[in-house]
Protein chains: 2
Amino acid sequence: MKGPAVSAEELRRRRDLDDVPSRPQAIREAAIALFFERGYHGTSMRDIASALNMRAPSLYNHLESKQQLLQDIMISDITIMLEEFADATATTTDIIEKIRRGAEAHVRHHARYARESRIGNTEIAALEEPSQSRLKSLRRSYAAEWRGLVEQAVAQGRASTPAPDLASSAIIDMGIGVARWFRTDGRLTDSTLATYYGDFALSLIGAPLMKGTS
Amino acid sequence: MKGPAVSAEELRRRRDLDDVPSRPQAIREAAIALFFERGYHGTSMRDIASALNMRAPSLYNHLESKQQLLQDIMISDITIMLEEFADATATTTDIIEKIRRGAEAHVRHHARYARESRIGNTEIAALEEPSQSRLKSLRRSYAAEWRGLVEQAVAQGRASTPAPDLASSAIIDMGIGVARWFRTDGRLTDSTLATYYGDFALSLIGAPLMKGTS
DNA sequence: CCTACCGATCGGTAGG
DNA sequence: CCTACCGATCGGTAGG
């Protein structure tokens with residue numbers, strides 16, 4: 001017989017269905033795990049290759065450089081976070097509900113993508129330009145959006161905090177902190193956690209919690 | 001004439017008065033600045049030496065190893081933080097006031113020692129054993145103390161949060177976040193910041209703020 | 001405090 | 001996908 005019994009396309013289809021990662025995806029996953037555990041500079045290409053039972057030079061058939069790997073991880077993580085935040089806050093016009101849903105999205109992201117989020121918050125200095133400036137700029141916009149929401153709530157008389165800028169920083173930071181300790185296999189789901197933190201956010205800005213809403 | 005015009009002791013006395021750091025202190029300070037900016041693995045001994053107009057081998061007249069430098073910085077930082085927290089919470093028996101003062105001490109520390117605190121929270125993986133285990137253990141005790149305080153407030157009917165464990169994590173994490181963005185030369189002093197965050201902590205756990213207390 | 005230098009390891013390339 | 005190997009840089013030592 002000539003030709004393979006199973007075509008390359010067929011294999012690719014099965015892989016997609018079975019959730020078996022492609023080589024580039026597997027490398028990325030290993031890099032995320034190692035950068036999270038040991039940091040970017042604390043991880044060598046040999047470490048990543050070793051986790052996949054490969055040799056370091058073979059990695060370069062699938063990526064350009066170690067730095068490119070970091071940039072992909074960090075930029076795609078913050079892009080996803082910004083999208084999730086935009087989607088969450090767009091589902092209502094009520095400012096308090098916007099803040100609640102924004103905080104939930106923020107925390108859910110830092111729980112679900114704990115490793116990527118932590119890398120995104122600790123390895124900024126390891127990013128080469130222009131990616132570093134781009135990422136910082138995205139983070140500044142995100143913080144500014146949050147500040148705007150809290151200021152709006154205060155302006156509408158729906159929140160009472162005397163320091164909307166600090167309150168929004170505190171909300172962001174308590175979410176970022178989640179990425180340091182949240183474990184997917186723990187007793188809490190990311191959504192349950194997000195619900196609690198949504199309440200924390202409203203309490204923090206001095207917005208009365210409506211009982212029985214959730 | 002024989003002997004120096006100014007004795008070594010005299011020089012040391014002047015240095016202490018003028019706040020001119022000793023060589024080991026200057027090295028430690030340079031290491032803190034660089035570990036904060038670039039991370040432990042992103043900083044070389046040559047970088048540290050260069051910041052002091054020295055050559056790397058000369059550093060070894062004042063320290064044992066790069067790792068020892070990191071351990072000193074991290075262990076002394078958390079030791080100071082634990083002391084400040086213990087002192088702050090010991091000044092009152094009222095549970096809510098304990099939490100307020102504890103939160104203020106926590107935030108003040110992360111503002112005043114922003115660089116050391118950030119290193120302490122990002123470079124744990126770079127610590128060799130047994131220091132790494134020791135530091136993790138100290139952090140766990142600190143988190144447990146916080147959880148205990150919040151649970152006590154709830155038990156006494158002074159706070160209403162349904163999740164004291166998460167609330168205490170949120171308080172700790174919003175303080176840790178301060179170390180990422182606080183600048184000593186900014187418009188806020190660490191004490192002003194701490195006062196706001198003390199209120200945030202009480203709001204977060206569902207403890208009514210007493211107006212006009214501060 | 002320095003220069004000279006060490007072995008180890010790094011990210012990455014050549015070539016198959 | 002591999003082995004062989006590159007120049008650069010690392011933490012640290014020897015010796016003065």
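Order of the sequence lines sets the chain letters (A, B, ...), proteins ahead of strands, with each chain counted from 1.
Rounded to whole Å, the distance from NE2 on A:His41 to P on D:dC10 is 11 Å. For the pair A:Arg55 CZ and D:dC1 P, the computed distance is 12 Å after rounding to whole Å. Going from atom CG of B:Leu52 over to atom P of C:dC1 covers 9 Å, rounded to whole Å. Across the protein-nucleic acid pair, B:Met45 atom CE and C:dC1 atom P stand 13 Å apart, rounded to whole Å.
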Could you check A:Thr189 against A:Arg108 for side-chain hydrogen bond (donor to acceptor under 3.5 Å, both in side chains), going step by step and ending with a plain yes or no? CA-CA 9 Å; A:Thr189 66; A:Arg108 199 181 300 114; over 6 Å; no
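Listed by chain and number, the residues in a side-chain contact (heavy atoms from CB on, under 4.5 Å) with B:Ser50 amount to none (sequence neighbours excluded). In this structure B:Glu64 satisfies the side-chain contact (heavy atoms from CB on, under 4.5 Å) test together with B:Gln68, sequence neighbours excluded. A:Asn61 pairs by the side chain to side chain donor-acceptor pair (under 3.5 Å) definition with nothing, not counting sequence neighbours. A:Ala201 pairs by the side-chain contact (heavy atoms from CB on, under 4.5 Å) definition with A:Ala103, A:Ile171, A:Met174, not counting sequence neighbours. For B:Ala26, the side-chain contact (heavy atoms from CB on, under 4.5 Å) test picks out B:Pro21, B:Leu52, with sequence neighbours left out.
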Grab the N/O contacts between the protein and nucleotides 6-8 of chain D below 3.5 Å, and write none if there aren't any.
none

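In DNA chain C, stems built from 3 or more consecutive Watson-Crick or G-U wobble pairs, each with both distances under 3.5 Å, span C:1-16 with D:1-16.
Screening residues 38-81 of chain B for ring pair (Phe, Tyr, Trp, His ring centres under 6.0 Å) gives B:Phe35-B:Tyr40 as the qualifying pairs, with residues at least two apart or on separate chains.
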Side-chain donor-acceptor pairs of residues 78-88 of chain B under 3.5 Å, sequence neighbours excluded:
| unit_1 | atom_1 | unit_2 | atom_2 | d |
| --- | --- | --- | --- | --- |
| B:Thr79 | OG1 | B:Ile75 | O | 2.6 |
| B:Glu84 | OE1 | B:His109 | ND1 | 2.8 |

Solution key, residues 144-152 of chain B side-chain donor-acceptor pairs under 3.5 Å, sequence neighbours excluded:
| unit_1 | atom_1 | unit_2 | atom_2 | d |
| --- | --- | --- | --- | --- |
| B:Trp146 | NE1 | B:Tyr142 | OH | 3.2 |

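Of the candidate nucleotides D:dC1, C:dC1, C:dT13, C:dT13 has the atom lying nearest to any side-chain atom of A:Pro57.
Using modelled atom types, one finds a donor on one side chain and an acceptor on the other under 3.5 Å when comparing B:Thr91 with B:Arg101.
In the region residues 58-74 of chain A, proximity to DNA chain C at under 4.0 angstrom, judged on heavy atoms, holds for A:Tyr60, A:Ser65, A:Lys66. Non-hydrogen atoms lying under 4.0 Å from DNA chain D are contributed by nothing in residues 28-37 of chain A.
With hydrogens and angles ignored, the 3.5 Å screen pairs no side-chain donor or acceptor of B:Glu116 with any backbone N or O of B:Ile73. Checking side-chain atoms of B:Gln67 against main-chain N and O of B:Ala126 turns up a donor-acceptor pair under 3.5 Å.
Taking the six-membered ring where the residue is Trp, B:Tyr197 and B:Phe200 present perpendicular rings, their angle passing 60° and hence far from 30°.
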